[in-house]
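Input: a single structure, listed below in structure tokens.
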Amino acid sequence: MGLKRKILELHKKREEVLKGGGDKAIEKQAAMGKLTARERIISLLDPDSFHEYDLFVEHEARDFDMEKKVLHGDGVIIGTGTIYGAPVCIFAQDFTVAGGSLGMMHARKITKIMDHSLKLKVPLIGINDSGGARIQEGVNSLAGYGEIFFRNTLSSGVIPQISVVLGPCAGGAVYSPALTDFVFVVDKISKMFITGPEVIKTVIGEEISMEGLGGAKVQSEISGNAHFYAKSEAECFEQIKKLVSFIPWNNIKKAKAYEPKEPKSEYKVSEIVPGDPRQPYDVRDVIRGVVDDSDFFEIQELWAANIVIGFGRMNGETIGFVANQPLVLAGVLDVDSSDKAARFIRFCDSFNIPIITFVDVPGYLPGVDQEHMGVIRHGAKVLYAYSEATVAKITVILRKAYGGGYIAMSSRHLRADFVFAWPTAEIAVMGPEGAANIIFRKEIVQAEDPEKMRKQKVKEYKEKFANPYVAAARGYVDSVIEPEETRRLILHAIDVSGSKSVFLPQKKHGIPPF
Amino acid sequence: MSNEDKKSKFSTLVIEGTRYKTLLNKKYENRKFWKKIDQKKVYAFIPGTVVKLYVKKGQKVKKGDSLLLLEAMKMRNIIGAPRDGVVKKLNVKEGEKLYKDQLMVELE
């Protein structure tokens with residue numbers, strides 16, 4: 001029986017390759033608290049949905065005795081599968097095979113699945129766990145990285161790209177995650193940096209551990225390179241699945257709609273925001289008060305927490321939220337929060353997700369460090385992102401909206417389609433205290449009791465300008481609404497903007513202040 | 001957590017004259033405060049080794065005069081005086097290995 005024998009031969013060949021780097025290497029991987037590449041794919045995708053490509057690819061290296069070495073699958077697994085029924089292309093570097101090092105064929109497998117995902121218009125998920133370039137393959141290895149980065153850029157804004165860093169991802173390799181839309185990291189497992197602790201110690205004299213330099217916590221709290229932080233790989237996979245449920249497959253399709261649900265009764269929008277603009281509250285509760293089932297999926301929760309971004313659903317459809325967070329740093333705009341918001345706005349715009357902006361902003365963070373870090377350039381990104389976005393833009397001014405912050409936060413002037421304001425809104429050039437000090441400086445200084453005069457002038461200014469009606473009188477605000485009406489009116493705004501189309505001047509592309 | 005406890009963890013942040021009650025984050029609390037550059041003090045801008053000292057304590061120097069030779073990453077950097085003055089203190093010796101931002105010379 002020729003056929004049977006050949007099928008048996010296939011089984012044998014498969015079995016051999018499926019062992020990856022062998023029992024010893026797999027044991028080592030487990031000892032580091034890590035799943036194997038194959039286990040990761042199986043845990044992430046729908047049961048039995050994974051179809052692998054290029055199982056029998058072999059490496060091309062001929063120098064340094066490499067020709068004698070067998071590297072199963074050349075250290076990376078690629079294929080297609082589904083997550084909650086949504087098709088995805090996936091690759092996972094296999095650390096058990098030569099440390100997941102990237103050689104020419106390894107890179108070709110990755111670029112093959114990347115080309116596939118762009119052609120099929122489905123999300124790409126990359127699981128990174130690699131020691132870096134395979135030194136023995138020299139420049140071919142560098143070429144491989146370059147081809148990957150190029151495809152990351154080409155696919156940007158066409159298909160969602162997700163990077164999962166589950167091991168080391170250092171040097172040039174880490175630019176691939178940086179070019180993708182969402183980066184997931186896991187405590188004690190993920191390590192991302194351009195130059196490692198050894199080099200830093202030798203050259204600069206700074207001593208730091210890998211964890212302290214580029215561990216999961218650092219990347220998700222200090223640098224903002226990562227978007228999602230998890231305690232374990234299992235938790236990380238749940239986060240990825242949830243994200244995939246919110247985002248569309250590509251820039252033409254809409255995200256899958258879910259059964260509409262009312263927000264939970266414990267989130268009453270009218271009871272969350274204190275009237276005094278100086279008092280803090282958690283703006284996420286306002287978002288929970290308007291989204292279906294009060295289910296708000298926050299992105300970059302730990303980094304630049306003075307602005308909140310994330311997804312929710314309204315009437316079953318995915319919506320992007322941007323909101324100043326008075327709970328942290330009074331909700332100011334600064335370098336980090338500007339970067340965070342601008343990038344998210346561009347993601348939503350690329351993938352046709354309506355943007356809802358909740359405004360409660362006192363202005364920009366003062367400080368030499370902010371100015372020297374270029375808060376001008378960074379702050380400009382928010383203006384740019386909102387201005388160029390053509391998706392439905394709905395703005396709700398909850399409380400204060402002062403000065404440049406008011407303009408930046410999806411104001412009418414940047415072509416917001418709907419601008420609602422609560423009666424607590426204060427749309428003004430600055431807060432009453434600051435404004436009164438400037439406008440009435442003379443009166444205050446010359447008064448018999450300057451402090452009393454100051455207080456009186458602040459009060460006068462407050463009464464006259466600290467409200468939404470001055471802006472409403474000019475049509476900068478469309479309607480002053482009661483907090484309870486917020487959800488209903490947002491739903492209405494989304495409904496009527498379904499066929500929104502905007503004329504933009506023709507250009508190759510703009511030049512955002514990156 | 002009682003309401004009182006919750007209130008106590010808030011700090012005050014002043015933005016354009018208004019005092020806001022809010023939480024601060026780690027990055028904000030650890031931010032570097034800007035300090036005026038003291039032209040009388042010369043620090044190592046990079047870790048390295050002092051190869052040669054060109055001046056002695058009490059010596060008069062003019063702005064730009066060589067103070068010492070600092071070798072770092074195979075590069076020999078001549079460190080010049082940032083201003084006219086007198087060498088008040090030499091904090092390093094020839095052959096000494098320096099860390100970044102180590103105080104090398106004080107002028108007067």
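Protein chains get the first letters and strands the later ones, always in sequence-line order, with residue 1 at the start of each. What you see is a predicted model; the values in this text were computed from it and never measured.
- Using a 4.5 Å cut-off between heavy atoms, B:Leu24 contacts chain A through both its backbone and its side chain.
- Interface residue A:Val328: backbone and side-chain heavy atoms are both found under 4.5 Å from chain B.
- Chain A forms the most heavy-atom pairs under 4.5 Å with one residue out of B:Ala72, B:Pro47, B:Gly48, and that residue is B:Pro47.
- Looking at A:Lys191 and A:Glu211, a side-chain N of the basic residue comes within less than 4.0 Å of a carboxylate O on the acidic one, giving a salt bridge.
- Note on ring orientation: taking the six-membered ring where Trp is involved, the planes of A:Phe358 and A:Phe321 are tilted (angle from 30° to 60°).
- By the 4.5 Å heavy-atom criterion applied to side chains, B:Lys89 and B:Lys57 are not counted as neighbours.
- Residues A:Lys201 and A:Glu207 have side chains in contact (heavy-atom distance under 4.5 Å, counting atoms from C-beta outward).
- For A:Tyr402, the part lying under 4.5 angstrom from a heavy atom of chain B is the side chain only.
- In the model, A:Glu433 has a side-chain atom that pairs as donor or acceptor with a side-chain atom of B:Thr18 under 3.5 Å.
- Counting heavy-atom pairs closer than 4.5 Å to chain B, the top-ranked of the candidates A:Ile222, A:Thr202, A:Val368, A:Leu327 is A:Leu327.
- With a threshold of 4.5 angstrom between heavy atoms, B:Lys27 approaches chain A through side-chain atoms but not through N, CA, C or O.
- At a 4.5 Å heavy-atom cutoff, B:Tyr99 makes no contact with chain A through either its backbone or its side chain.
- Looking at A:Pro362, the atoms closer than 4.5 Å to chain B (heavy atoms on both sides) sit in the backbone and in the side chain alike.
- Using a 4.5 Å cut-off between heavy atoms, A:Lys400 contacts chain B through its side chain alone, with no backbone atom that close.
- In terms of heavy-atom pairs under 4.5 angstrom with chain B, the leader among A:Asn437, A:Val332, A:Leu365, A:Asp276 is A:Leu365.
- Under the 4.0 Å criterion applied to side-chain N and carboxylate O atoms, B:Lys26 and B:Glu29 are not assigned as salt-bridge partners.
- Under 4.0 Å is where a charged nitrogen must lie from a carboxylate oxygen, and between A:Lys217 and A:Asp187 no such pair does.
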